[in-house]
A.B. asks: 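Handing you a structure now.
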Amino acid sequence: VQLQAFGGGLVQPGGSLRLSCTASGSIFSINNMGWYRQTPGKQRELVASITSGGNTNYAGSVKGRFTISRDNRKNAVYLEMNSLKPEDTAVYYCNADRVYTSISDYQNDNWGQGTLVTVSS
């Protein structure tokens, strides 16, 4: 199972970006999916997560500005980021906490390669 994230880039403060992440391989279903971010010298932190049923959770710093969504048919998760701030600058990683490759077999803790978001004027 591989996760591929894309959509990062350079944006001015107050701007918007949409990140996408698609899981590929032998996939039966995916439990929770999420986006994390990391800056140099800091631990990776949760930005937002979404269950297979669509329940969402956000870090306080992004609540009201970011929206996470997913398409279970496409094994994809998205992060719509609005009103971006310089402190949102980071490498963003997508995660699928448990991917079922069959009704009984699964892989835990699956990560994408990261996509850089830079918010700067």
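Along the sequence shown, the residues carry numbers beginning at 1.
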A.B. asks: Apply the side chain to side chain donor-acceptor pair (under 3.5 Å) test between Asp97 and each candidate in Thr51, Asn32, Asn108; give the one that qualifies.
C.D. replies: Asn32
A.B. asks: Which heavy atom of Ser52 sits nearest to which heavy atom of Asn72, and what is that distance?
C.D. replies: O-ND2, 3.1 Å
A.B. asks: Hey, does the side chain of Gln113 reach the backbone of Ala5 with a donor-acceptor pair shorter than 3.5 angstrom?
C.D. replies: yes
A.B. asks: Just so I know, are the side chains of Met81 and Arg18 near enough to count as touching, which here means a heavy-atom distance under 4.5 Å?
C.D. replies: no
A.B. asks: How about CD on Glu87, more than 12 heavy atoms from neighbouring residues, nucleotides or ligands closer than 6.0 Å, or not?
C.D. replies: yes
A.B. asks: Measuring only between side-chain heavy atoms, which start at C-beta, is Phe66 closer than 4.5 Å to Val47?
C.D. replies: yes
A.B. asks: Given Asn55 and Ile50, is the side chain to side chain contact (heavy atoms under 4.5 Å, CB included) satisfied, shown in steps?
C.D. replies: CA-CA 5 Å; Asn55 293 319; Ile50 184 168; over 6 Å; no
A.B. asks: Run the side chain to side chain contact (heavy atoms under 4.5 Å, CB included) check on Thr67 and Tyr78 step by step: do they pass?
C.D. replies: CA-CA 8 Å; Thr67 302; Tyr78 310 98; over 6 Å; no
A.B. asks: Hey, what do you get for CD (Glu45) to OG (Ser61), rounding to the nearest 0.5 Å?
C.D. replies: 5.5 Å
A.B. asks: Give, for atom CZ of Arg70 and atom OG of Ser49, the distance between the pair rounded to the nearest 0.5 Å.
C.D. replies: 10.0 Å
A.B. asks: Show the nearest heavy-atom pair for residues Val1 and Ser26, with the distance to one decimal.
C.D. replies: CG2-O, 4.1 Å
A.B. asks: In a check of ring pair (Phe, Tyr, Trp, His ring centres under 6.0 Å) between Trp111 and each of Trp35, Tyr36, Tyr92, which one passes?
C.D. replies: Tyr36
A.B. asks: Checking side chain to side chain contact (heavy atoms under 4.5 Å, CB included) between Val99 and each of Asn31, Asp105, Ile30, which is the one that passes?
C.D. replies: Ile30
A.B. asks: Under a 3.5 Å distance rule, please check whether Thr115 uses its side chain to pair with a backbone N or O of Gly8 as donor and acceptor.
C.D. replies: yes
A.B. asks: Can you confirm whether Ser120 sits close enough to Pro86 that some side-chain heavy atom of one is under 4.5 Å from a side-chain heavy atom of the other?
C.D. replies: no
A.B. asks: Does the pair Val62 and Arg37 meet the rule for a side chain to side chain contact (heavy atoms under 4.5 Å, CB included), with working shown?
C.D. replies: CA-CA 12 Å; Val62 307; Arg37 65 187 181 187; 3.9 Å; yes
A.B. asks: Say whether, by atom type as modelled, one donor and one acceptor occur between the side chain of Asp88 and the main chain of Lys85 under 3.5 angstrom.
C.D. replies: yes
A.B. asks: Do any N or O atoms from the side chain of Asn110 and from the backbone of Gln2 form a donor-acceptor pair under 3.5 angstrom?
C.D. replies: no
A.B. asks: Would a 4.5 Å heavy-atom cut-off, applied to side chains only, mark Ile103 and Phe28 as touching?
C.D. replies: yes
A.B. asks: If you count the non-hydrogen atoms of other residues, nucleotides and ligands that lie under 6.0 Å from OH in Tyr58, is the total more than 12?
C.D. replies: yes
A.B. asks: Say you draw a straight line from CD of Gln12 to OG1 of Thr118; how long is it, rounded to the nearest 0.5 Å?
C.D. replies: 13.0 Å
A.B. asks: What is the minimum heavy-atom distance between Ala48 and Leu79, and which atoms define it?
C.D. replies: CB-CD1, 4.2 Å
A.B. asks: For a quick test of reading the model, state the closest non-hydrogen atom pair linking Arg65 to Leu84 and the distance between them.
C.D. replies: NH1-CA, 3.9 Å
A.B. asks: Decide, yes or no, whether a salt bridge links Asp109 with Arg98 under the criterion of side-chain N to carboxylate O below 4.0 Å.
C.D. replies: no
A.B. asks: Short question: side chain of Thr39, backbone of Lys42 - any donor-acceptor pair under 3.5 Å?
C.D. replies: no
A.B. asks: Out of curiosity, does Tyr93 fall in the hydrophobic cluster containing Val117 (side-chain heavy atoms, cut-off under 4.5 Å, transitive links)?
C.D. replies: no
A.B. asks: Apply side chain to side chain contact (heavy atoms under 4.5 Å, CB included) to residues Thr22 and Lys74 and explain how you reach the verdict.
C.D. replies: CA-CA 7 Å; Thr22 302; Lys74 296 181 179 180; 5.8 Å; no
A.B. asks: Looking at CD of Gln107 and CD1 of Ile27, how far apart are the two atoms once the value is rounded to the nearest 0.5 Å?
C.D. replies: 9.0 Å
A.B. asks: So, Thr89 side chain and Val119 main chain: donor-acceptor pair closer than 3.5 Å or not?
C.D. replies: yes
A.B. asks: Where is the tightest heavy-atom contact between Met33 and Val77, given as atom of each residue plus distance?
C.D. replies: CE-CG1, 3.8 Å
